[in-house]
Amino acid sequence: MPISKTPRYIPSTIEPKWQKKWEADELYHSDIDPKKKKYYAMTMLPYPSGNLHIGHWYAMTPSDARARYLRMKGYNVLFPMGFDAFGLPAENAAIKHNIHPKEWTYKNIDHMREQMRSMGNMFDWRREAISSDPKYYRWTQWFFNQLLKNGLAYRQKSLVDWCPTCNTTLAREQVVGEDRHCERCHTPVIKKELKQWFFRITNYADELLDFTGIDWPEPVKILQTNWIGRSEGASVVFHTEQGDPMEIFTTRPDTLWGATFMVLAPEHPLVKKITTTEQKEKVEAYVADAIRQTEIQREATDKEKTGVFTGGYAINPVNQERIPIWVADYVLMTYGTGAIMAVPAHDQRDFEFARKYGLEVRVVIQPDDMPKLDGATMLESVPAHGKIVNSGVLDGTPADQAFGEAVKYVEEHGMGKGAVNYRLRDWLISRQRYWGAPIPVLYCEKCGVVPVPDEDLPVLLPDDVEWKPTGESPLKLHPTWRFTTCPICGGKAERETDTMDTFMCSSWYHLRYLSPDDMDAPFDQKEYDYWMPVDTYTGGVEHATMHLMYTRFFHKAFRDLGVVKGNEPMLQLRNQGQILGPDGQRMSKSRGNVIDPDEQVRMYGADTVRAFLMFGYRWAEGGPWEPGNINGVQRWLNRVWNIFLDEAEQGKFDAEKVKLLRRKLHQTLKAVTNDYERFEFNTIVSGLMELANYMQEAKAEGAAAAPVWKEVRSIYLRMLAPICPHIAEELWKQLGLPYSIHTQPWPELDEQATKEDEITIVLQVNGKLRDKLVVPVDTTEEKVKEMALANEVIQKYLDGAAPRKLIYVKGRLVNIVK
RNA sequence: GCCGGAGUGGCGGAACUGGCAGACGCGCACGACUCAAAAUCGUGUUCCUUCGGGAUUGUGGGUUCGAUUCCCACCUUCGGCACCA
């Protein structure tokens, strides 16, 4: 090796320099250009927690590389960034450190913006959107108003999930785990009855199940589908003996004749009415106990079922039978109607309950492959699929028609109708917190609920608030802010003191990027028509049933209100995995396994960190941080630096060598291009490493002094540019090529150059590799087979036996079956 | 319990449509350079082996001339849901 005459590769001397120049030159500004095809690439915006962690880098770097690649491919690419800046941690910081949430948030944003700049991303910062800016949340409030005006927002008193630590209600999606804890602070939630604002996301349940036209990962679609939880069945109205209607939902209307009792949820309004005097004491005690128990206790699936008889009876509409009504906490008030018909022969829960309390078990379905069932002796419920029995007019209906026939029967006789039920609940958006977008509503003594007129928006958050540990929102404690006048009657009115769930803010940020300073509209129509929809959205799968569902709902609702167009906001979604600590655990301060990206950048430079995050993992999987693995990437970039800047070695680099070098070059280009489309970033880097190794050898043989080197360096650096923008720019400049590498087109593939002229044919005997044959590409099948049979090694394995069969796969192998 | 993802060398990971398993890198070993070390460069590196070979992609079966890839059953692990009628 010759001694290096050029300065060594020191990232810290080149990276900040180029970042400043790119910014000064407005290199990454994206503006409407009707001549070019647009590409809206978006990656999930961070919460300004204070510091960027390695996970942000992991999510953003490949997204940035791909955006850069698409730009070089000729697209007009929009790749914006912002901050999801409202939220609880700011208030916690306010209480803990006595700093105003606004101050804390904006200080963090300033810091994190600088951290992001150090990544060398191509964000167009002119388009930055910060959800806590009044110019932003003015429009969040405007969107709320439109939903309210159109009946998609409503206020209702209901039993809601309350986090006692965060002192606020939570959406159903924000309550997680078996113990039903708060997804943010992990405190088990409790139930509270409050009057709260909801959005009618359930109106869109069916449409949200339809994913046609969007390229989203299958697991995300399944997660959303399960979350929505659509079940088809029938709603059937039973009547109590007193004549009160008692509606139930069932997914098995074909088992109506097998209902031997009814069960009400403890909270069901009919409980009081039907309970007889004799049973009153027992029922009241049971209900009181059920309500006292936490949701966790009640909903434990392994708990033995309990319940009490109310003394009341209902009439089964299909056969006029008089069946007892029980109360039991295994029936939930929050699903269906809070009342069920129990068919113990064909439902395990009902079966257990019936056996425990000695209730009748009646078989109405006889599976063909089972001995004749007897309700009195059977040991468990039988999955209901088979011939209908004991069911009056339905008897003998084949299994596959039973459901339809039963619904028909019920409808014809006016007992009910086919119905669909969802697990999905309406979206609870009220939060009893300060640091959020105020719900723009007034309560007037005379006029009732009055939306703040659009032209009066934003309802500004007051800055002068105090945090007292009362658990009450600071907005409620503010001396004057709440009190105002009614825009309709001019009388006294009070402001809503709740703020909106921050998921409301993040449901539309992709629209605010279009025109973040727009004072007249939430977004500029021209910008919308050019850029929307989002072509690729990248981010974590943890948002599958929250943000990603809310933003789809939001889009569909506003499509119907004529505000946006198309059925979906984001055409393609890709999820990255998660980087774990070196111990294989989730990174957390308390575990002490956090990798600080700033430190990595100081040690290795941004380009190395970027390339390593793309190289070290399959992007969609993620995995543990392996200290030391990054060294390989650093060595590679060093080698690249030296290959291009060290003096060219002399040698006879003949036409054959040129051909082979060009072949490797264009084969790599082909693979790299393909891998961008597949989101397989690790093989992009490994391909470039492989090519660098090849180039290094070729250089030692004199390649760098040959004319072909011009093509090699131009293509190599352009392929490197999206991944390592700084070193690519620096080398590009040092080699005297025109600024900027990032405005160059993606290299053109010479398909002909990628072609091999010889191929290796694998020789197998009975599927086992025995030898290889190197032949010219155009060798005929006959010739290859002939050579295979004549091959010495093959002869040996054949051992004189005549081959029974010969498999030939063109260009790949010959398999000889003995 | 139900629904999804993932199981490949000491490690991170490759292998596109059923056709050379282990690309690329880490680590390790040896060598070159050096007074020496680091850095760099080179060689080797799945396991077993009687050196002929044999085994091998979580386990067991199946389909196939041929399976990391397709099918069935199971195990481990990560995530989601969980008395949803």
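Naming: A, B, ... by sequence-line order, numbering from 1 per chain. Fair warning: this is a prediction, and the values are worked out from it, not measured in the lab. Quick note: numbers below take in every heavy atom, side chains included, and nothing from hydrogens, waters or symmetry partners.
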A:Thr202/A:Tyr422 under side-chain contact (heavy atoms from CB on, under 4.5 Å): CA gap, chis, key distance, verdict: CA-CA 8 Å; A:Thr202 52; A:Tyr422 301 92; 5.7 Å; no
For a quick check, with a 4.0 angstrom heavy-atom cut-off, what is the B/S/- contact string for nucleotides 24-31 of chain B, read 5' to 3'? BSSS----
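Note on A:Ser231: only backbone sugar-phosphate atoms sit closer than 4.0 angstrom, heavy atoms only; bases stay farther off. Within 4.0 Å (heavy atoms only), A:Arg812 reaches sugar-phosphate atoms of the nucleic acid but no base atom.
Listed by chain and residue number, A:Leu763, A:Asn791, A:Val793 satisfy the side chain to side chain contact (heavy atoms under 4.5 Å, CB included) test with A:Asp771 (two or more places apart in sequence, or in another chain). A:Glu781 pairs by the side chain to side chain donor-acceptor pair (under 3.5 Å) definition with A:Lys785, not counting sequence neighbours.
Contact check, A:Arg423 against B:A82: a side-chain N or O comes under 4.0 Å of OP1 or OP2. In this model, the phosphate group of B:G53 is approached by a side-chain N or O of A:Lys796 to a distance below 4.0 Å at OP1 or OP2. Dashed line: the shortest gap from a side-chain N or O of A:Arg252 to OP1 or OP2 of B:A85 is not under 4.0 Å. Between A:Thr683 and the phosphate of B:G13, there is no side-chain N or O to OP1/OP2 separation shorter than 4.0 Å. Contact between the side-chain N/O atoms of A:Arg770 and the OP1/OP2 oxygens of B:G52 is not found at any separation under 4.0 Å. Within the structure, a side-chain polar atom (N or O) of A:Arg678 is placed less than 4.0 Å from OP1 or OP2 of B:A15. Taking only side-chain nitrogens and oxygens, A:Tyr617 never comes nearer than 4.0 Å to OP1 or OP2 of B:G12.
Distance from the side chain of A:Pro219 is smallest for B:G4 among the nucleotides B:G4, B:C83, B:C11. Taking only side-chain atoms of A:Arg618, from C-beta outward, the nucleotide of B:C83, B:A15, B:A55 with the closest atom is B:A15. Among the nucleotides B:A21, B:C81, B:A15, the one closest to the side chain of A:Leu769 is B:A21.
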For RNA chain B, what is the dot-bracket line, given that a base pair needs Watson-Crick (N1 to N3, plus N6-O4 or O6-N4) or G-U wobble (N1-O2 and O6-N3) geometry with both distances under 3.5 Å, and | means paired with another strand? (((((((..(((......[....)))((((((.......))))))(((....)))..(((((..]....))))))))))))....
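Put simply, CG on A:Asp347 is 11 Å from C1' on B:C84, counting in whole angstrom units.
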Between the protein and nucleotides 45-49 of chain B, are there any N/O to N/O pairs under 3.5 Å, and if so, what are the atom names and distances?
none

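For the salt bridge (Lys or Arg N to Asp or Glu O under 4.0 Å) condition, the pairs that include at least one residue of residues 684-699 of chain A, sequence neighbours left out, are A:Lys664-A:Glu690.
With hydrogens and angles ignored, a donor-acceptor pair under 3.5 angstrom links the side chain of A:Lys772 to the base of B:C20.
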